[in-house]
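Quick one: the structure is below, questions incoming.
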Amino acid sequence: MMEALRTYLRETRTTPKAFAKMIGVDARQFDRMLTGDLPVSLSLAQRMVDATGGALLTAELLAQDQGGGAVFDLRGRLAADGAEIDVAALERIVAGVLPELLGGLRRAG
């Protein structure tokens, strides 16, 4: 999961400590993310993508159970098998993801 990030750091000769500072996290916390001991949140994954200028993808940074690597095309799925969209499940997913995308509870407005 974090192999792409380790490769990026190695190829750009960026130390983990310097990268942690760029994305605004504690160096020890970042080390734990690199080893897989600490999961990466969606908002932090996006900061990593932004810090690398798009060299990394969020799917490369998130665990599968967080949606990393999964792309959902609900319109295609609905058209393909005629199944109805599970609105309750969609609401749970959006409720969990949307605050992270909008900056969490710290965002004003």
Single-linkage hydrophobic cluster Val40~Leu57, side-chain heavy atoms < 4.5 angstrom: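 Result: no, two separate clusters.
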With rounding to the nearest 0.5 angstrom, report the CG to OG1 distance, Leu62 to Thr58.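 The distance works out to 5.5 Å.
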Euclidean distance, Arg32 CZ relative to Leu38 CG, rounded to 0.5 Å: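 Between Leu38 CG and Arg32 CZ, I get 5.0 Å after rounding to 0.5 Å.
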With Thr15, which residues qualify under side chain to side chain contact (heavy atoms under 4.5 Å, CB included), at least two apart?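 Once residues adjacent in sequence are excluded, the partners of Thr15 under the side chain to side chain contact (heavy atoms under 4.5 Å, CB included) criterion are Lys17, Ala18.
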Drop me the distance from Met33's CE to Leu5's CG, to the nearest 0.5 angstrom.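 Answer for the CE-CG pair, Met33 versus Leu5, is 10.0 Å.
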Contact list for residues 39-62, test ring-ring contact (aromatic ring centres under 6.0 Å, His included), sequence neighbours left out: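 Counting only pairs at least two positions apart or across chains, no ring-ring contact (aromatic ring centres under 6.0 Å, His included) contact touches residues 39-62.
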Phe30: which residues meet the ring-ring contact (aromatic ring centres under 6.0 Å, His included) condition with it, sequence neighbours left out?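 Only Phe19 meet the ring-ring contact (aromatic ring centres under 6.0 Å, His included) criterion with Phe30.
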Would you check if Glu60 and Val49 make a side-chain contact, meaning some heavy-atom pair closer than 4.5 Å?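 A side-chain contact is absent here, since even the closest heavy-atom pair is not under 4.5 Å.
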Partner set under salt bridge (Lys or Arg N to Asp or Glu O under 4.0 Å) for Asp26, not counting sequence neighbours: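 Counting only residues at least two positions away or on another chain, Asp26 forms a salt bridge (Lys or Arg N to Asp or Glu O under 4.0 Å) with Arg28.
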Could you measure the distance from the CG atom of Leu61 to the CE atom of Met48? Nearest 0.5 Å is fine.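 Those atoms lie 6.0 Å apart.
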Minimum-distance pair of heavy atoms, taken over all atoms of Thr52 and Leu56: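 It is OG1-N, 3.3 Å.
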At their closest point, which heavy atom of Ala51 faces which heavy atom of Tyr8, and how far apart are they?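 It is O-OH, 4.2 Å.
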With sequence neighbours excluded, tell me which residues meet side chain to side chain donor-acceptor pair (under 3.5 Å) with Asp50.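 For Asp50, the residues satisfying side chain to side chain donor-acceptor pair (under 3.5 Å) (neighbours in sequence not counted) are Gln46.
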Please give me the minimum heavy-atom distance between Ala27 and Ala20, naming the atom from each residue.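 So the minimum-distance heavy-atom pair works out to CA-CB, 3.9 Å.
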Under a 4.5 Å cut-off applied to non-hydrogen side-chain atoms, are Leu9 and Leu34 in contact?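 Side-chain contact under 4.5 Å: yes.
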Arg47 side-chain N/O to Ile23 backbone N/O, donor-acceptor pair under 3.5 Å: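 Here the side-chain-to-backbone pair exists.
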Mind checking side chain to side chain contact (heavy atoms under 4.5 Å, CB included) for Arg10 and listing every partner two or more places apart, or none if nothing turns up?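 Arg10: side chain to side chain contact (heavy atoms under 4.5 Å, CB included) contacts with Glu3, Thr7.
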